[in-house]
Amino acid sequence: MFASLIKVAAAAGLVQTSLALVVRDALGSTASTTKCNLDWTDAAPLKTTYVDGVKYGCKCYFGDDCWPAASAWQRLNQTVDGSLSVNMPPGAACHNTFAGPFGTVNTYNAAACADITANFADESWTVSQPAAALWTYWTGDTCRPSEDPTASCTLGNYGVYVIKATKHAHIKAGVDFARKNNIRLVLRNTGHDFIGRSVGYGSLVINTHSFKDVQWINKYAGAGSYHGSAVKVSAGIQGREILAMGHARSPPLVVVTGECPTVGIAGGFIQGGGHGPWTTLKGFSADNVLAFEVITASGLYAVANEVENADLFYALKGGGPASYAVILTVTMKTFPDQRASGATLYINSTHTTDADVWWNGTAAFHKYANHFVDNGLYVYYEMFPQSLRVRPFVAIEKTAAQLQALVQPMLNELDAQHIPYEFAVKEFPTFFDLYNDLFEGENAGDSAISGGWMLNHADMDPARTPLVMDAMKKVFTPARPSTFSFMIGHLFNPGYNVPVSNSATNPAWRNATDFIITNIIVPVGVDAGFKAYLQDVLTNDIDEALRSVSSSDCTYVNEADPYQTNWQGRFWGSVYPTLRRTRNKWDPLGVFYAISTPGTEGWALMNDTKLCKKLD
Ligand SMILES: Cc1cc2nc3c(=O)[nH]c(=O)nc-3n(C[C@H](O)[C@H](O)[C@H](O)COP(=O)(O)OP(=O)(O)OC[C@H]3O[C@@H](n4cnc5c(N)ncnc54)[C@H](O)[C@@H]3O)c2cc1C
Ligand SMILES: *[C@@H]1O[C@H](CO)[C@@H](O)[C@H](O)[C@H]1NC(C)=O
Ligand SMILES: *[C@@H]1O[C@H](CO)[C@@H](O)[C@H](O)[C@H]1NC(C)=O
Ligand SMILES: *[C@@H]1O[C@H](CO)[C@@H](O)[C@H](O)[C@H]1NC(C)=O
Ligand SMILES: *[C@@H]1O[C@H](CO)[C@@H](O)[C@H](O)[C@H]1NC(C)=O
Ligand SMILES: *[C@@H]1O[C@H](CO)[C@@H](O)[C@H](O)[C@H]1NC(C)=O
């Protein structure tokens, strides 16, 4: 069956048989460069399964004959220096027993349970767990911390085994094992993923979080025309971590990170594109990448830059997480840090309980969205019913007086309409000082589904503000009843200084103004039917409301609804066909998988659990 799959793929031109590929040794040393071919002959076949008479090839799951014997897992454990463990949901210690794939074990531990309960909403604690997800919805929420030790605890969609990799060779061993045994593979860095792409039912998880090496480069001498300063960042490094290290340099340096302190750099973030406070000035994080070191689906160490494996280089820059290779390091441009000014604006129930007054205030803010980004600003804001929280406006290379002048027309409008608000502006010696002062940590442990949409300059034309406000009202109060919903907005334009994309991100981004994440809180324990209903509300009422006032046809693969139609075009636009070809070359068999990423069209989760590919 495997042979026939390969033949079908080859006939479709999907499998390259003689790929010249520059491969490096296990330490990523540049000294021993050899040529090799991508080779799939050692891969195990998919498991044939018929569902309603339709033929599928599935990954191999616990209980299947093809699941590796205990001795094979032990050998894997030896190869990874004992870093393989049987995975348990983080809440297990609060339950008398954990009923997992290997039987039922006693797990209750009062002290551990108290610790877990105290930390479950702490994002740094959650990041430090071997396989935990910050957004628990996608795990199935089958074992939360509980005050009732008799409550059931099962694995849900969490992986069966985890490799806590501390050497690149451990990652390679995990990729090889998954490929050779047809096991679902999950890469897990920080667990921030909004749409469950770092958890997977029945999977082997490779945790990449321990890789923290950072190398600062004064004059980049690698491929390409750029010879300025750069930094090589390992897979496990997070946003504030690299900004703090950069701040300690002389002179202080920055890279384009996300707004969130704990999101990784070299994992899902950069493969989705990566936007943050510097994006209006410097483009997406992915626009600033100079090189990657990776392990391919076929188990090879490779370098990807403008010259070597240029197609892979391009695709890894925003072409979708967990799709082409495991990233070991990313080398990015650095920039001198600058003076920066920040501001905050609040309009909430402290100021007014009149919904119309509040909406009018919110409208005054949005009316100036194009004005803000056209003056180089980045703005992060949160909108809950009766609460607008703009924290912060970021004006890099600008004084407080300059920022004040830029927001003054909006403040005048608020004043003219007698809308109460609180506004403050402050100047900082560096962006990093602003970042520490004005950006806030975020929570973990919430059960939510999220979507999102981008509104471009035409959409945010001030004359259209009433239309945009009507759409936002529908987010809070969708056509069909929903549980609590809210928005996280980002005003930025990656095209402000980088008008032509330098990455695989959707070209439509280059005229962005407002990228909005939509969220619905999903109460823990609701049945599958209600979950499906809420998902339908998110896709067809909430996000549709934003789409209906937008011409962008663009949203962000990392912060959007994976179930919307035409995700290919909306995430990548005209870039998509190239990405699909690149996926089919570097991972034709689907060793990697993340929902709604290039080349996954044939794949589906059967019964919301087993990953299978439709074969005919
Ligand atoms: C609170 C919060 C704030 C956020 N803020 C921002 C923001 O400001 N800007 C922004 O652009 N995004 C932001 N995001 C979204 C973020 O980009 C995604 O959640 C992203 O997937 C996180 O990547 P990660 O590697 O840290 O997380 P993970 O959940 O560990 O991984 C995410 C995906 O990347 C894959 N992956 C991880 N490591 C690797 C690797 N080494 N090689 C290949 N694939 C890998 C995983 O398999 C998974 O598919 C935010 C998310 C949250 C929860
Ligand atoms: C892997 O080996 C380590 C060290 O010997 C051991 O502690 C661990 O339990 C093993 N993992 C599995 C899954 O057997
Ligand atoms: C809100 O703005 C609209 C349009 O400008 C105006 O007609 C209305 O009176 C305002 N509402 C309040 C409560 O100020
Ligand atoms: C409302 O605004 C005030 C500032 O005026 C702020 O201190 C408070 O945290 C805000 N409330 C919410 C819920 O954001
Ligand atoms: C961005 O949108 C504005 C408003 O629609 C338009 O005038 C401008 O030409 C667009 N710019 C680009 C680069 O597409
Ligand atoms: C899905 O679940 C049904 C009912 O439990 C079962 O009969 C079927 O085999 C499952 N399908 C797969 C692909 O596991």
Side-chain angles (χ1 to χ4, degrees), residues 62 67-88 100-103 105 130-131 159-166 170 173-174 177 183 204-207 280 283 343-353 357-358 361-362 365 369-371 373-374 380-392 411 414 419-425 438 440 442-443 454-464 468 484 486-488 491-501 506-514 549-554 573-574:
F62 192 85
W67 183 259
S71 56
W73 290 101
Q74 271 169 32
R75 280 197 302 280
L76 172 63
N77 198 11
Q78 281 159 15
T79 313
V80 298
D81 302 316
S83 66
L84 181 75
S85 56
V86 170
N87 190 29
M88 273 191 216
F102 303 100
V105 289
V160 176
Y161 285 101
V162 191
I163 297 172
K164 283 189 268 175
T166 55
H170 299 163
F177 189 88
I183 303 295
L204 167 63
V205 179
I206 302 176
N207 179 311
T280 301
T344 52
L345 170 71
Y346 301 94
I347 308 177
N348 62 44
S349 52
T350 307
H351 313 102
T352 176
T353 52
V357 172
W358 183 78
T362 302
F365 164 70
N370 281 345
H371 167 73
V373 296
D374 289 346
Y380 176 89
Y381 67 97
E382 296 172 345
M383 260 174 82
F384 302 89
Q386 207 66 22
S387 173
L388 173 67
R389 184 180 173 80
V390 188
R391 179 184 174 122
L411 299 178
L414 291 169
I419 296 166
Y421 61 88
E422 185 174 307
F423 177 82
V425 59
L438 293 178
E440 301 166 298
E442 280 157 89
N443 277 358
M454 185 270 273
L455 301 173
N456 65 20
H457 271 63
D459 303 335
M460 295 303 286
D461 187 286
R464 299 182 84 256
V468 172
F484 187 76
F486 62 97
M487 279 175 271
I488 299 170
L491 308 184
F492 62 73
N493 178 9
Y496 177 75
N497 273 337
V498 188
V500 178
S501 158
N506 190 337
W509 280 110
R510 303 295 149 171
N511 210 0
T513 293
D514 194 357
V549 295
S550 167
S551 61
S552 79
D553 208 27
C554 170
S574 56

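As the structure lists them, so they are numbered: ligands from 1, and atoms in each ligand from 1. Residue numbers count from 1 along this sequence. Computed from heavy atoms alone, side chains included, the values below leave out hydrogens, waters and symmetry copies. Please read these numbers as outputs of a predicted model, since none were measured by experiment.
- Between Y161 and F62, the gap from one ring centroid to the other reaches at least 6.0 Å.
- Protein residues are said to neighbour a ligand when one of their heavy atoms lies under 4.0 Å from it; for ligand 4 these are Y346, N348, T350, H351, S387, R389, E422.
- No N or O atom of V86 sits closer than 3.5 Å to an N or O atom of ligand 2.
- Every atom of ligand 2 with a heavy atom of L84 under 4.0 Å away is listed here by number and element: 1 (C), 8 (C), 10 (C), 11 (N), 12 (C), 13 (C).
- Taking both residues in full, the closest heavy atoms of P130 and N207 are given as O-ND2, 2.7 Å, listed atom of the first, atom of the second, then distance.
- Counting atoms of ligand 5 from 1 in the listed order, those under 4.0 Å from a heavy atom of A458 are 4 (C), 5 (O).
- Ligand-side atoms of ligand 5 in range of N511: 1 (C), 2 (O), 3 (C), 8 (C), 10 (C), 11 (N), 12 (C), 14 (O), range being under 4.0 angstrom from any heavy atom.
- Side chain of S552 to backbone of M454: a donor-acceptor contact under 3.5 angstrom is found.
- Between N77 and ligand 2, at least one N/O pair is under 3.5 Å apart.
- In this structure, the side chain of D461 does not engage the main chain of A458 through any donor-acceptor pair within 3.5 Å.
- Listed by number with element, the atoms of ligand 5 under 4.0 angstrom from any heavy atom of H457 are 1 (C), 2 (O), 3 (C), 4 (C).
- At least one donor-acceptor pair under 3.5 Å links the side chain of H457 to the backbone N or O of N511.
- Side-chain contact, T350 with N348: a donor N or O sits under 3.5 Å from an acceptor N or O.
- Judged by distance alone, with hydrogens and angles left aside, the side-chain atoms of N87 form a donor-acceptor pair with the main-chain N or O of G159 at under 3.5 Å.
- No side-chain N or O of N493 forms a donor-acceptor pair with one of T280 less than 3.5 Å apart.
- Judged by distance alone, with hydrogens and angles left aside, the side-chain atoms of W358 form a donor-acceptor pair with the main-chain N or O of I347 at under 3.5 Å.
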